[in-house]
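To find a chain, count down the sequence lines: A is the first, B the second, and so on, and within it residues start at 1. Just so it is clear, the structure is predicted and the values come from calculations on it, not from any experiment.
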Number of protein chains: 2
Amino acid sequence: MAVTAKIDTAERILDAALTLFNERGAANVTTADIAAGAAMREGNLHYHFRRKEQLVEALFARFQEDELLVAERSIPDPADPRSYTDYQRGWFELMWRYRCFYRDATILFAQAPALRPRFAATQAQARLAVQRVLNLAVENGLMRATPAQIEKLVMNVWIVSSYWMDFWAANTGAETLSRSDLAWGFAQIASLYEPYMSA
Amino acid sequence: MAVTAKIDTAERILDAALTLFNERGAANVTTADIAAGAAMREGNLHYHFRRKEQLVEALFARFQEDELLVAERSIPDPADPRSYTDYQRGWFELMWRYRCFYRDATILFAQAPALRPRFAATQAQARLAVQRVLNLAVENGLMRATPAQIEKLVMNVWIVSSYWMDFWAANTGAETLSRSDLAWGFAQIASLYEPYMSA
DNA sequence: GTCTATATATAGATAGAC
DNA sequence: GTCTATCTATATATAGAC
């Protein structure tokens with residue numbers, strides 16, 4: 001089971017990296033930190049990921065896969081408002097889980113330049129899926145907005161969703177972010193939709 | 001004129017630092033880069049700013065001063081929509097000029113931790129000033145919104161204004177940002193105000 | 001004030017024993 | 001696969017000549 005063990009170890013490293021990136025910010029995490037987080041020596045970590053860049057790229061591949069799953073999740077009942085709430089909740093969970101990629105995209109690009117075009121492509125695809133969902137809401141009379149308004153709205157929702165955590169940390173002076181702060185972000189994003197809601 | 005010369009040199013260093021932070025991102029600028037940008041040797045730079053942290057703090061003091069001037073600029077004619085457009089334009093110019101502080105706040109905090117509480121305080125003060133301006137627009141019938149809506153709106157405008165540049169770079173895959181891209185950001189922010197405009 | 005030369009610290013990566 | 005020990009590269013900072 002040597003192969004399995006290796007895969008598991010790589011996954012363990014990625015888990016540790018994600019946790020640290022999320023908690024401390026991608027700028028403040030060294031390979032030594034990640035090794036410690038995965039309870040191993042630096043030399044061993046470099047056996048599994050020869051370069052830090054490769055580690056970041058592998059973690060990103062995970063994120064990318066999960067994001068598209070969330071973005072393209074189907075709306076079970078297009079006439080039921082709860083379907084959309086559930087959809088949004090799925091996004092929120094994902095963005096929290098991989099918040100380092102939203103918050104620290106710039107830093108991670110500096111560490112792994114190959115990510116930039118891949119990120120742009122994935123985000124564009126995901127944004128299109130979101131746009132389709134909002135258009136569905138319009139078609140079903142749950143929202144009232146022109147296609148142009150929907151497009152701007154999606155962009156604004158995207159920006160606020162991506163960066164409110166960084167904003168929150170910077171502007172409150174808080175060192176870290178707790179899960180309970182999510183309510184603030186949720187309300188903030190809800191206020192973007194509000195002018196276009198029918199009900 | 002020894003004293004004057006010293007001040008001028010310090011200013012020259014700060015100018016170079018601001019330009020580089022804006023163009024390359026705060027994460028990718030070393031003291032060597034700044035020294036080169038100011039056309040001097042590293043040793044000389046350290047004579048003027050013993051630690052990089054002090055340099056960042058001095059640059060921040062400049063930003064802070066300019067930001068509060070823009071935020072608390074008076075509205076000459078509260079009944080004239082153009083007064084508000086001018087006010088917003090002032091913000092846009094400032095945010096472009098000091099975009100590194102909005103975009104890379106997290107990175108700069110890592111380099112100069114003393115900045116975090118100062119930044120939070122300044123931003124809160126500035127945001128209050130913006131809120132007063134928007135309330136003025138409501139009072140003069142140019143906008144229609146409840147105080148609660150204004151508060152959410154200010155936060156969203158703040159977040160989008162601060163981060164749209166980073167978002168743009170990350171999502172288009174562009175390495176840098178040109179001044180012509182400002183139009184996109186302006187339209188994006190305008191769309192936030194739109195639902196609350198009377199005219 | 002500005003320079004050259006040097007020192008220190010740290011992150012990332014490698015070599016080889018086990 | 002994991003370890004210890006070591007190497008390299010880079011950023012920041014200092015010392016001292018001019």
State whether [X] places a side-chain N or O below 4.0 Å from either non-bridging phosphate oxygen (OP1 or OP2) of [N].
X       : N      : result
B:Arg51 : D:dA13 : yes
B:His46 : D:dA13 : yes
B:His48 : C:dT2  : yes
B:Arg50 : D:dA13 : no

Sequence-distant partners of B:Phe186, side-chain contact (heavy atoms from CB on, under 4.5 Å), two or more places apart | B:Gln88, B:Phe92

Residues passing the side-chain contact (heavy atoms from CB on, under 4.5 Å) test with A:Ala190, sequence neighbours excluded, are none

[N] [atom2] sits how many Å from [X] [atom1], rounded?
X       : N      : atom1 : atom2 : result
B:Asp8  : C:dT2  : CG    : P     : 10 Å
A:Leu55 : C:dA11 : CG    : P     : 16 Å
B:Leu45 : C:dT4  : CG    : P     : 14 Å
B:Tyr47 : D:dA15 : OH    : P     : 15 Å

Under the 4.5 Å side-chain heavy-atom rule for ILVMFWY, direct or indirect, which residues accompany B:Ile107?
-> A:Ile107

Within residues 22-44 of chain A, find the residues that approach DNA chain D with a heavy atom at under 4.0 Å, and present them sorted by residue number.
-> A:Met40, A:Arg41, A:Gly43, A:Asn44

List in chain and number order the residues that pass ring pair (Phe, Tyr, Trp, His ring centres under 6.0 Å) with A:Tyr193, two or more places apart in sequence or in another chain; answer none if no residue qualifies.
-> none

Taking ring pair (Phe, Tyr, Trp, His ring centres under 6.0 Å) as the test, write out the residues that go with A:Tyr102, two or more places apart.
-> A:Phe63

Expected output: side-chain B:Tyr87 to main-chain B:Ala71 donor-acceptor under 3.5 Å | yes

